Every structure is written in C-alpha cells, then in structure tokens.
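Shown next, in structure tokens, is the structure this report addresses.
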Amino acid sequence: MLPGQPSHTLLRTAIRRAQHQLLDRPLLLHDPIVVDLVPEASEPHILADFGGSEELLPAMFRALFAMRSRFAEDRLKEAAARGVRQYVMIGAGLDTFPWRQPGFARDMRIFAADHPASLIWTQHRLRERNVERPPNLTFAPVDLEQQRLAEQLAACGFDLEAPGFCSLLGVSQFLTGGALDSLLRFAASLKTESELVLSFAPPDDELAGLDLDAITRSVARTMELGEPWKSRPRARDLIDRLVQLGFTDVFHLSPDKAQARYFADRHDQLRAPRWEQLIAATRK
Ligand SMILES: C[S@@+](CC[C@H](N)C(=O)[O-])C[C@H]1O[C@@H](n2cnc3c(N)ncnc32)[C@H](O)[C@@H]1O
C-alpha cells in the first residue's frame, strides 16, 4: 500500500461483488448491501461501465470474489454451531457481512480489522451513505506489517482466551512472508475450536491459460496502484506450515472441489478459479 493511502484494491473487489448481484444468476453470494454501498458500486455505474456479461475474465473475477466470501461464511456458520462467538475479518475492506449478518451471527462479536488508512476511508464512505455500524461490530486498526494483530485486537475488546474465527480474503498476496506467517501463528495461538479461512495465490508455474491471464492482469493492475504482490505460496507448503503450527484439520478447497461444490449447476461463464484458492484450518 502507498504510505498514508487506503488500499485501492478493496474497492475493486467490492465492485465485482456488486456486479455479481446484478449480472449473475443463480447468486453464489447474496449481498444486496454492496450494491450502492459506494457510488462506484451503484447500479447505473456498474451497468454503464460494464462491457458485457458474456466476457470471460470479468466473469472469472466475479466468481472468485463471490466464492471466497461464500466459502468463509459457510465455514463461519459451522463454527458458530460449535460455539465460536468472535469473528475477525482481517483486511476487511468493504466486506458487508456485518450489515447482512444472518441469525447465527447476531450474538457474535465481529471485528473488521484493516490497515488504519483503509479503515478511515471505509468508515468515511459508510458515513457518507448513512450506513450505521451494527452494535456487534468493532473496527480494529492494524498495519499487519508493523503491528501485532493480537495486541491490536485485544485493545479493541477481542478475548484472546476465547475461540475465534478469522478470515483473510484477498489479503495474503499483499503481505510479506514474515507478516503472513505472523498471522498464521496468531490464528494458531487461539483456543481450540478456532478457525482460519484464507485465500492465497499460487505461483505462476502452477497456472495456465485463462487463470494465468487473470493473475497476470491482477498483478499488473495492483502494481500500478502501488500494491505489489509479495507472497505466492504453494498449497502444499501452506498446509504443511498450518499443520506444523498445530491446526488439526486443514482443508484445501482445491479448484476441482470448489467447482463441484459451488459451480456444478451453472450454465454461464462463472467457474472456480485456480489463481486464487482457499484453505480452512481448524484447531480441535
Ligand atoms: C483486495 S482487498 C480485500 C478486501 C476484502 N477482504 C474483500 O475480500 O473484499 C485487500 C485488503 O487488505 C488490506 N491490507 C493490505 N495490506 C495490509 C496491511 N499491511 N495491514 C492491514 N491491512 C492490509 C487492505 O487495506 C485491503 O482492505
């Protein structure tokens, strides 16, 4: 991120999720809040800007951003059923979960943790739209390269002695290896029943065709925005590290599994991406 500036990538992911609401059926993620949340994600803006719903690469981006939130929220629901009552969205951006929280989340404490510059910007945009903060939502400023997430969260009321569910969606690629590993260690330090769901971007040599085109485009775009990619782990290495840290159940939602789970019945261009994948790691 550029010094003192909010992330620009958080707006792009929100716009894609808003496009998904307007252009795709069936929905992978029901998120009516994101449409109009910021002017750039409003219906007239999206429809005016949009080249055509049949274009493949835009469809793949919509699929990715909707799918990763959907997977995290599916897992969160299971975590809530086993008693987890704290949810930390790490690098929350314009994730709208707190404003559309289902019944199972109402007695949870939700923490939107993000870079201070991004948080100031998102809070300002929410105020502009008169979007009120739900009572169970806390904003937690943290620069993951400079500060310890545990300390920042504890200062905001997170209970380090109780289980927590953490999501890290579309963030790991922007972190140095050291900052990413600190996050994994933080999640592993939480009480049993805790869980981490994270997305990661595998290296180019594991990709081909449209997936390689998509990631090449993303890397170039975000580099122009001053947000270079820094971490591109292999699934195997990430899984080994999570097991080494003490996670007892590590599930890789491989592209094939994601396709079968979320895209099997579709007849449009949306399909499971290979250039960003998901892992859920639990401590039992
Ligand atoms: C691509 S956005 C993803 C936002 C959201 N998770 C989503 O899926 O829409 C990346 C997020 O990572 C955050 N981020 C990047 N570097 C960070 C850092 N060093 N500390 C804290 N947050 C950071 C940005 O502020 C931004 O909100």
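Source: prediction; values computed, not measured. All ligand and atom numbering here is 1-based and tracks the order in the structure.
Residue contacts with ligand 1 for Ala92 involve N, CA, C or O but no side-chain atom from C-beta outward (heavy atoms, distance under 4.0 Å).
Considering backbone and side-chain N/O atoms, Leu94 never comes within less than 3.5 Å of an N/O atom of ligand 1. Between Leu169 and ligand 1, an N or O atom pair is found at a separation short of 3.5 Å. Looking at ligand 1, you won't find any N or O of Val171 less than 3.5 Å from one of its N or O atoms. Considering backbone and side-chain atoms together, Asp95 places no N or O closer than 3.5 Å to any N or O of ligand 1.
Of all protein heavy atoms, the one closest to atom 11 (C) of ligand 1 is Gly91 O, 3.8 Å. The shortest contact between atom 13 (C) of ligand 1 and any protein heavy atom is with Asp114 OD1, 3.3 Å. The nearest heavy-atom contact from the protein to atom 16 (N) of ligand 1 is Met1 SD, 3.6 Å. In this structure, the protein non-hydrogen atom closest to atom 10 (C) of ligand 1 is Gly170 O, 3.5 Å. Residue, atom and distance of the protein heavy atom nearest to atom 1 (C) of ligand 1 are Thr9 OG1, 3.2 Å.
Across all non-hydrogen atoms, the minimal contact from Leu270 to Ala63 is CG-CB, 3.8 Å.
Cluster annotation: Leu278 is not connected to Val250 through the hydrophobic network of ILVMFWY side chains, with a link wherever side-chain heavy atoms come within less than 4.5 Å. One hydrophobic cluster holds both Phe139 and Val38 under the rule that ILVMFWY side chains link at heavy-atom gaps under 4.5 Å. Residues Ile15 and Leu57 do not share a hydrophobic cluster, clusters being chains of Ile/Leu/Val/Met/Phe/Trp/Tyr side chains in contact below 4.5 Å.
Close approach of ligand 1 to Val142 is summarised as follows: ligand atoms under 4.0 Å from at least one heavy atom of the residue are 20 (N), 21 (C). Residue Gly93 approaches ligand 1 through these ligand atoms, each under 4.0 Å from one of its heavy atoms: 4 (C), 27 (O). Taking a cut-off of under 4.0 Å to the non-hydrogen atoms of Ser7, the atoms of ligand 1 that pass are 24 (C), 25 (O), 26 (C). Applying the 4.0 Å criterion to heavy atoms of Thr13 picks out, from ligand 1, the atoms 1 (C), 7 (C), 9 (O). Within ligand 1, counting atoms from 1 as listed, the ones closer than 4.0 Å to a heavy atom of Ser118 are 24 (C), 25 (O). Residue Glu145 has at least one heavy-atom neighbour below 4.0 Å for each of these atoms of ligand 1: 19 (N). If you number the atoms of ligand 1 from 1 as listed, the ones under 4.0 Å from a heavy atom of Asp143 come out as 18 (C), 19 (N), 20 (N).
Ring geometry for Phe158 versus Phe186: interplanar angle of 30 to 60°, hence tilted.
When each of Arg16, Arg125, Arg129 is paired with Glu40, the salt bridge (charged side-chain N to carboxylate O under 4.0 Å, His left out) condition holds for Arg125 and for no other. Each of Arg85, Arg283, Lys284, Arg82 was evaluated against Glu193; a single residue qualifies, Arg82, per the salt bridge (charged side-chain N to carboxylate O under 4.0 Å, His left out) test.
Ser199 and Gln277 share no donor-acceptor pair across their side chains, judged by distance under 3.5 Å alone.
The shell of residues lying under 4.0 angstrom from ligand 1, judged by heavy atoms, includes Arg68. At least one heavy atom of Arg17 sits less than 4.0 Å from an atom of ligand 1.
Tyr87 has its ring centre less than 6.0 Å from the ring centre of Phe97. In this structure, the ring of Phe61 has its center less than 6.0 angstrom from the ring center of Trp275.
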Next on the checklist: What verdict does the side-chain hydrogen bond (donor to acceptor under 3.5 Å, both in side chains) test give for His8 and Glu227, after you've listed the backbone C-alpha separation in whole Å, the side-chain angles of each residue and the deciding distance to 0.1 Å?
Outcome noted: CA-CA 8 Å; His8 298 281; Glu227 296 177 52; 5.0 Å; no

